[in-house]
Amino acid sequence: MPNIPAPTLRLPLPPGGLSLAHTLDCGQAFCWHEESPGVWRGWIADAAARCHIDNRTPHPHLAVECLAGDITDARARHYFGLDDDLDSIVATFPADRWMRHASAHCRGLRLLRQSPWEALAIFICSAVKQVAHIQQIDAALRARFGEPTPAGHRFPTIAAIASAPESQLRAAGLGFRAPNLRQAARQLIDGDADLDAIGRAPDQEALVQLQELAGVGPKIANCVLLFGYARWRAFPVDTWIDRALRHLYYPRKRRLSPEFLRTEARDYFGPYAGLAQQYLFHWLRKVGREHLPPRQSRPRRSP
DNA sequence: TCCCAGGACCGAT
DNA sequence: ATCGGTCATGGG
């Protein structure tokens, strides 16, 4: 069988543009890495891909080289959210000082359309982990449990994780998250939870059902809703957003309950609160740390 | 080296 | 309802 050269898709960039660096390295997906300057290697669903922005032509475009599996024009457009009117969406963000910083820094950062299962699984693994290590876990899960292709391993199926021995999951670096990921997969296999049904449920009901899964609390449920189901109002409150809300947005309020931060704050950021949250998160981590006070670490018990 | 990381969960107030 | 302790593993 002849070796057919990999087809390369060329997608014109929509208004609002697309930044691969911001979109693929902002902590919403963990299966991409910068292979060489400006060239990103990763996965669009079950297809391996290599992407870069080509500015040479009169009309700049996104070049997507398919390395394994099938990527159609429509699938790539959908994955990168190229049909979202980014300018109009960013225009709905509150025009406060911090969002202006974040929006200026995150130009071209789009919401990816990841699969619900992949978002669920990787964010269960994300608990109390640095972004760099979540990427490592993604790679380890693929290598150990994912179907091989000529260009690497796909993300493991629900069944593959459900039947994986806990010891092998721990060997992938999951630590105490291993039993959670395995049990969540089993709950889905057994029909105790249904990702399609969650996709049909309104936000609040979807959050409740997601939190019935092992290892999924309020923060991860919101991540799955936002990144796996493209529910723009979902508002994950992690340690970064928590500090930003307390110190930058509500600096003089004494007691801020987690519930307040998840609901009142979410309403403040508007109909696309989830993307606003991601802009804040990415900006804070990359250039805005100086605006936050140092984390308060709990004093260690004396021996 | 040693502190800490895109939390969830459990039990004691 | 809120608070503290605990859960593994590796990056910086």
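Letters A, B, ... mirror the listed sequences (proteins, then strands); counts begin at 1. Only a predicted model underlies this, so the values are computations on that prediction, with no experimental measurement involved.
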Worksheet entry | A:R100 charged N/C atom sitting above A:W98 aromatic ring, 6.0 Å / 45° | no
Worksheet item: Closer than 4.0 Å, any side-chain N/O of A:R255 to the OP1 or OP2 of C:dC3?
Response: yes
Worksheet item: In terms of side-chain heavy atoms, does A:D96 have a donor or acceptor partner in A:Y268 at a distance below 3.5 Å?
Response: yes
Worksheet entry | DNA chain B: 5'-proximal contact among A:Q277 and A:A214 (nearest heavy atom) | A:Q277
Worksheet item: Hey, is A:F281 doing a stacking thing with B:dG6, by the 5.5 Å centroid and 30° angle criteria?
Response: yes
Practice prompt. Return the 5'-most residue of the pair A:K129, A:A132 with respect to DNA chain C, ranking by each residue's nearest nucleotide.
Written response: A:K129
Discussion item. Nearest whole Å is fine: how far is B:dA8 P from A:L210 CG?
Written reply: 12 Å
Fill in: Whole angstrom value for the distance that separates P of B:dA8 from CG of A:N222
9 Å
Response to the item:
Between CZ of A:R285 and P of B:dC4 the distance, given in whole Å, is 17 Å
Worksheet item: Rounding to a whole Å, what distance do you find between A:K219:NZ and B:dA5:C1'?
Response: 11 Å
Item to complete: Find the distance A:D138:CG to C:dG10:P and express it as a whole number of Å.
Response: 16 Å
Item to complete: In whole angstrom, give the distance that lies between atom CD1 of A:I134 and atom P of B:dC4.
Response: 18 Å
Discussion item. Let's see if you can work this out: which of B:dG6, B:dA8, C:dA8 has an atom nearest to the side-chain heavy atoms of A:I220?
Written reply: B:dA8
Practice prompt. Apply side chain to side chain donor-acceptor pair (under 3.5 Å) to the pair A:H61 and A:R10, showing each step before the final yes or no.
Written response: CA-CA 6 Å; A:H61 62 273; A:R10 302 163 61 84; 3.2 Å; yes
Discussion item. Has A:R107 got a side-chain atom pairing as donor or acceptor with A:S19's backbone, closer than 3.5 angstrom?
Written reply: no
Worksheet entry | Spacing between A:D238 atom CG and B:dA5 atom C1', to the nearest angstrom | 11 Å
Discussion item. Would you measure the distance from the P atom in B:dG6 across to the matching atom in C:dT6 and give it in whole Å?
Written reply: 22 Å
Worksheet item: If you look at every strand shown and take non-hydrogen atoms under 4.0 Å, does A:G27 touch a base, only sugar-phosphate, or nothing?
Response: base
Practice prompt. Could you check which of B:dG7, B:dG6, B:dA8 has an atom nearest any side-chain atom of A:Q278?
Written response: B:dG6
Item to complete: Answer with base, sugar-phosphate or nothing: what part of the nucleic acid does A:V237 contact at a heavy-atom distance below 4.0 Å?
Response: nothing
Discussion item. With ring pair (Phe, Tyr, Trp, His ring centres under 6.0 Å) as the test, pick out the partner of A:W232 among A:F269, A:Y272, A:F227.
Written reply: A:Y272
Discussion item. Has A:R233 got a side-chain atom pairing as donor or acceptor with A:A273's backbone, closer than 3.5 angstrom?
Written reply: no
Worksheet item: Can you tell me if the side-chain N/O atoms of A:Q136 get under 4.0 Å from OP1 or OP2 in C:dG11?
Response: yes
Item to complete: For A:A127 and for A:Q130, locate the closest nucleotide of DNA chain C by heavy-atom distance; then report the residue assigned to the nucleotide nearer the 5' terminus.
Response: A:A127
Worksheet item: Quick one: is C:dA8 close enough that its OP1 or OP2 comes under 4.0 Å of any side-chain N or O from A:R170?
Response: yes
Worksheet, complete the sentence: Testing B:dA8, B:dA5, C:dT2 for proximity to the side chain of A:S257, the answer is C:dT2
Worksheet item: Nearest-Å distance, CD1 (A:I137) to C1' (B:dG7)?
Response: 13 Å
